[in-house]
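Every chain is numbered from 1 and lettered A, B, ... according to where its sequence line falls, protein lines coming before strand lines.
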There are 2 protein chains.
Amino acid sequence: MTIKVIMQELSTSEENYIKAIYAIEQAERDTVSTNALAEQMQTKASSVTDMVKKLSAKSLITYEKYKGVTLTEEGIAIAIKLIRKHRLWETFLVEKLGFGWDEVHEIAEQLEHIQSSKLTQKLDAFLNYPKFDPHGDPIPNEDGVIHKNEKARNLSETDLQEAYIVIGVSDVSPSFLKYLDKNGINIGSKIKVLQRYDFDQSISIEFNGKEINLSKTAVQNITVIPN
Amino acid sequence: MTIKVIMQELSTSEENYIKAIYAIEQAERDTVSTNALAEQMQTKASSVTDMVKKLSAKSLITYEKYKGVTLTEEGIAIAIKLIRKHRLWETFLVEKLGFGWDEVHEIAEQLEHIQSSKLTQKLDAFLNYPKFDPHGDPIPNEDGVIHKNEKARNLSETDLQEAYIVIGVSDVSPSFLKYLDKNGINIGSKIKVLQRYDFDQSISIEFNGKEINLSKTAVQNITVIPN
DNA sequence: AATATATTTTAGGCAAGTCTAAAAATATTA
DNA sequence: TAATATTTTTAGACTTGCCTAAAATATATT
């Protein structure tokens, strides 16, 4: 027998509050103050108080007057679902539609509120169950599990002989992009770190069967995740 | 020099009214009455009057008390953009995510309100600029041009010995879908009309080298375009 | 044409989500 | 600890989009 938890339908605004509370809880390990939430939501403290009462009545947060709020288990589950959808859509926009990783946030912000768990599942499958989004942030799986331990890292912090996937570059100067392009390196490129030269902090990697040397500057601007 | 028309941001509700007015204008070739619109929107006539005043103030419709409404040029443009987005998303859901033809309407109803013309363009390109959605309805192009040029037609209105491509079905009963599935017929399937039997209005087609007989009912529910 | 019926609009109200201004509680500091 | 400053809540109001009930207008019928 399968147990299906009926999850209440939330408004876009309610969902955004849940997400904001989750984000603050992750950053500061404390209850979330009204002002912090107002700041995060770009609204007034009085509006926050109103909403906080409503979410509390729905048991998505615990709220005590003048003492801030905390997400309940159910609230956390909703936040993670939203993050999952957001990151899956960002991955879709970059990998399938060819958007730049810097242009997808706003659109994903809208897409994450589309209601259909089947859509999320199918999107996940279509993208081949990605573990990280284009910004290197982990994508929660369907059960809400987030692999926070394997976080995206800089190429300079990798282990030798290990395989990685390029998920981003921080320097976006045309010359750097051209340099990567010339070598065929792109988002999604699978590379292996061969050697690290301490004298100039350059490294050599294996990519597409070829060995490529990357300067210190290049290395510092490439973000990877373990493959 | 490119002229960019700044289009005002509309609420989901406003957009839905515009779409509803457009739909009624297409069906009946007349001004749209308050009651007809209330029926279409599943709401009360008084609510319609309220909204109609607002849309009129925004010059998206012309409205004269007790005389019904008509979309302005700008209103029509918005309606067509919404239809374009709706049909592109439906195509995406069916062709890329593997949804059934019958399950995509509700989701597309949400997706069509996502604001980003770049997203629409890129989605269109990703889908290879489809001309018809999974239901056989034409997809307006970026300039709002709808190729109604009688391309999509019912299988019952085809010419013998001609090649066609299946672009949709109107009956969405599971048994009918299963029936098509068993024969391997799908959206995009290339068929040739072999013969038409007047006594029971069934036809025989060639598909994948095999000859398949389709009953009158089946025929009436399949939409094709000339190949 | 006068009356009956149907349609549409107005008037007033409600919920969601926001705001400002003022009051209440908490935190800081002299 | 008492005064001051900050944070949070309350009270009342606004907008959007909807509602009901009643009034106004248009249409149909005798």
Pairs where residues 20-37 of chain A contributes a residue and the test salt bridge (Lys or Arg N to Asp or Glu O under 4.0 Å) is met, not counting sequence neighbours
none
Mind listing the residues from residues 19-50 of chain B sitting with a heavy atom below 4.0 Å of DNA chain C? Number order is fine.
Ser33(B), Thr34(B), Asn35(B), Ala45(B), Ser46(B), Thr49(B)
Separation of [X] atom [atom1] from [N] atom [atom2], in whole Å?
| X | N | atom1 | atom2 | result |
| --- | --- | --- | --- | --- |
| Asn16(B) | dT16(D) | CG | P | 17 Å |
| Glu9(A) | dA16(C) | CD | P | 15 Å |
| Glu64(A) | dT8(D) | CD | P | 14 Å |

Which is true for Lys67(B) with a 4.0 Å heavy-atom rule: it touches a base, it touches only sugar-phosphate, or it touches nothing?
nothing
Can you tell whether the side chains of Glu14(A) and Lys58(A) come within less than 4.0 Å, N to carboxylate O?
yes
Taking only Lys NZ, Arg NE, NH1 and NH2, and the carboxylate oxygens of Asp or Glu, determine whether Lys118(B) and Glu103(A) approach each other closer than 4.0 Å.
yes
Sorted by first residue and then second, give each ring pair (Phe, Tyr, Trp, His ring centres under 6.0 Å) pair with at least one member in residues 18-74 of chain B; sequence neighbours left out.
none
Please determine if Lys96(A) forms a cation-pi arrangement with Phe126(A), meaning its NZ or CZ atom is less than 6.0 Å from the six-membered ring centre and no more than 45° off the ring axis.
yes
Lys NZ or Arg CZ of Lys190(A) over Tyr164(A) ring: under 6.0 Å, within 45°:
no
Using a cut-off of strictly less than 4.0 Å, decide whether Lys53(B) has a side-chain nitrogen or oxygen near OP1 or OP2 of dT10(C).
yes
At less than 4.0 Å, is any side-chain N or O atom of Tyr63(B) found next to OP1 or OP2 of dT8(C)? Yes or no.
no
Ranking Lys65(A) and Thr12(A) by the position along DNA chain C of their nearest nucleotide, the one closer to 5' is Thr12(A)
Grab the N/O contacts between the protein and nucleotides 22-25 of chain C below 3.5 Å, and write none if there aren't any.
from: dA25(C); atom 1: O4'; to: Tyr66(A); atom 2: OH; distance (Å): 3.4

For Thr12(B), give me all partners under side chain to side chain donor-acceptor pair (under 3.5 Å), at least two apart in sequence or on another chain.
none
Sorted by chain and residue number, the ring pair (Phe, Tyr, Trp, His ring centres under 6.0 Å) partners of Tyr17(A) (sequence neighbours excluded) come out as none
